[in-house]
S.K.: 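I'd like to ask some things about the structure below.
What's counted below: heavy atoms across the whole structure, side chains too, no hydrogens, waters or symmetry copies. Keep in mind that this is a model prediction, so the values were computed, not measured.
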Amino acid sequence: MLLDEIPAALHQLGEDQEAELMSVLLRLQGRSSQVGTIVAADAVDRGAVTRSDAATTGQWIAGRLTGGTRLEPRTVRAMASVADACQHRKNTVITTALLEGSCSVESARTALAQADKVGPVIPTAERDEVLGWFLQIDPALGCDGLTKLTRRIIDRFAPDELSKDDEKLERTESLSWSTTATGMTRLVAELSPANAAILKEAINANSAPRPDAGRVAAEERSGGAGVSRPHAPSGSSGAGGTGAAFGLGADNAPECPGPSTGAGEQVRDERSPGKRRLDALMDLVGAGARAATGEGTQASAATVLLTMGLQELLAGHGATTPTGDLVDAGAARRFACSADLIPVVLGGPSQPLDVGRRERLATKAIRAAVILRDGGCTFPGCDRPPGFCEIHHVRPWWAGGETSLTNATLLCCRHHQTVHRQGYTATVEPDGVRWDLTPGQMPGHHTAVA
């Protein structure tokens, strides 16, 4: 086979050619599994599988492996189950998607399994539409992405059922702890979607890497006097703070940590992601305890950013947090009672967003709107959440760019540096951001400093 000759010829390829080759091979791999599933389905349909010695479609597929060819058992099972499902007229959407190459075999298998689970809950929904929703999911999102999509489908067709389900989950919530062999304490919490959204938003808003945490750690190692616990960024709910800004973080994202070469300079935050989240949780607990005893400033429980369409609001559907978690309508109303709520009802009036040249840094209202639109770092292929992102002026401030929703987008620390270093630019549209990764396109790039 031609593929067998490729490894010996790799040294003749340039970097761009090698990258293109990798793209072609991946496309071939994905397409071959799709076509293989269609072939298996056709073999079942014409009776070839029944007439063979194979007891199942999976055995028939595995029996075709020759010449040392290997295939993961999981892949064989997925191809076989989808091929069998293609025999039923109710799954025509799956067959069509495989023929067109618009879905992976794993996505098809997931769609079939989930459609059967949610079908009884939403009897008014057409099976083809439900299958279409699940076929769009990226398998890389795993169980978390699947759960979020399932909740969105139920909320779309049966919002009352979603509220009932979440009410049951809230009654079974629990928190426990135990001591490990090393003397550590392990916390185990099972939370309903609404309360989980509160906790995750609060911790994400306060757990980004901080240069001052690295400085304090360095002072502790050197035995420096007067070392104290690193404070949370301004605007967050660290020690003595006034509550978590859900989905917003500080009004302006923290600077990127860098190495230190002397006293007073930045030191990399060496805390692991898990340690940063734990520190953020302890800051929140400490601030809450002080507020409860009157030692701290009493404030609202949190600032919650919720998104919903006007028609969805009127129809009693759920609302979405900046991290993509869907909370039912009852939870959204509950937030309005106990939190400093920022309702962003798409299609309704909101705060003025454009501040033009009067302000260089994004206002809280602009940052909230950018988070709602972008959902995280917009650089192609990046999935960093809003709490780890900074507001980037698409047309730089120093080049005459305004501080406005149409000139702003979210970028994580690394990609913010990359964009300025390479001079990339973007087009901001109402439904998202489109990047042009042609170097040097940023206005005034030849004079810019990253």
Side-chain angles (χ1 to χ4, degrees), residues 1-88 90-117 131-150 380-383:
M1 291 180 61
L2 179 61
L3 288 177
D4 295 331
E5 300 177 12
I6 291 178
L10 285 178
H11 66 281
Q12 302 177 24
L13 303 180
E15 290 185 3
D16 292 342
Q17 292 174 315
E18 191 171 50
E20 178 61 24
L21 172 62
M22 190 65 197
S23 297
V24 171
L25 291 174
L26 290 175
R27 288 198 297 271
L28 285 174
Q29 183 182 39
R31 188 57 180 151
S32 64
S33 64
Q34 294 166 344
V35 175
T37 302
I38 293 298
V39 170
D42 187 72
V44 173
D45 185 53
R46 64 172 61 188
V49 174
T50 303
R51 289 190 295 272
S52 71
D53 293 332
T56 65
T57 306
Q59 289 183 10
W60 185 87
I61 294 174
R64 310 284 78 76
L65 297 173
T66 60
T69 306
R70 296 289 183 268
L71 203 59
E72 290 291 333
R74 174 185 175 88
T75 303
V76 173
R77 290 194 297 270
M79 293 175 65
S81 64
V82 175
D84 290 336
C86 287
Q87 307 307 307
H88 300 285
K90 65 178 183 179
N91 297 324
T92 302
V93 170
I94 299 293
T95 306
T96 302
L98 289 173
L99 286 170
E100 296 174 347
S102 59
C103 78
S104 67
V105 176
E106 280 294 337
S107 294
R109 186 187 192 189
T110 299
L112 289 165
Q114 292 302 118
D116 289 337
K117 290 180 181 178
L131 284 172
W133 278 59
F134 282 113
L135 285 175
Q136 297 174 27
I137 193 171
D138 182 356
L141 296 177
C143 292
D144 183 55
L146 186 61
T147 299
K148 287 181 178 179
L149 178 57
T150 302
C382 186
D383 60 357

S.K.: Just how far is it from atom OG1 of T57 to atom CZ of R77, taken to the nearest 0.5 Å?
M.R.: 14.5 Å
S.K.: Which heavy atom in A97 sits nearest to a heavy atom in L135, and how many Å separate them?
M.R.: CB-CD1, 4.0 Å
S.K.: Where the side chain of R109 meets the backbone of A80, is there a donor-acceptor pair that is under 3.5 Å apart?
M.R.: no
S.K.: At what distance, to the nearest 0.5 angstrom, does CD1 of I6 lie from CG of L21?
M.R.: 5.0 Å
S.K.: What pair of heavy atoms forms the shortest contact from V82 to V105, and how long is it?
M.R.: CG2-O, 3.8 Å
S.K.: Side chain to side chain contact (heavy atoms under 4.5 Å, CB included) with C86: which of V44, D42, I94?
M.R.: I94
S.K.: Not counting sequence neighbours, list each pair that qualifies as a side-chain hydrogen bond (donor to acceptor under 3.5 Å, both in side chains) and has a residue in residues 22-40.
M.R.: R31-Q34
S.K.: Who pairs with P380 by side-chain contact (heavy atoms from CB on, under 4.5 Å), at least two apart in sequence or on another chain?
M.R.: W435, L437
S.K.: Checking Q17 side chain against G14 main chain: does a donor-acceptor pair fall under 3.5 Å?
M.R.: yes
S.K.: Return the CG to CG distance between L131 and N91, rounded to the nearest 0.5 Å.
M.R.: 6.0 Å
S.K.: Report yes if the side chains of L98 and C103 come closer than 4.5 Å at any heavy-atom pair, otherwise no.
M.R.: yes
S.K.: With sequence neighbours excluded, tell me which residues meet side-chain contact (heavy atoms from CB on, under 4.5 Å) with Q59.
M.R.: A54, A55, T56
S.K.: In chain order, what residues pass the side-chain contact (heavy atoms from CB on, under 4.5 Å) check against T147, with sequence neighbours excluded?
M.R.: R151
S.K.: In Å and rounded to the nearest 0.5 Å, what is the CG to CD distance from L25 to E20?
M.R.: 10.0 Å
S.K.: Is L112 close to F134 at the side-chain level, that is, under 4.5 Å between some pair of heavy atoms?
M.R.: no
S.K.: Please list, chain by chain and in numerical order, all residues satisfying side-chain contact (heavy atoms from CB on, under 4.5 Å) with L71, sequence neighbours excluded.
M.R.: L65, T75, V76, M79
S.K.: Rounded to the nearest 0.5 Å, what separation is found between the CG atom of D45 and the CG atom of D84?
M.R.: 11.5 Å
S.K.: Taking salt bridge (charged side-chain N to carboxylate O under 4.0 Å, His left out) as the cut-off, I'd like each qualifying pair that reaches into residues 65-74, sequence neighbours left out, listed once.
M.R.: R74-E106
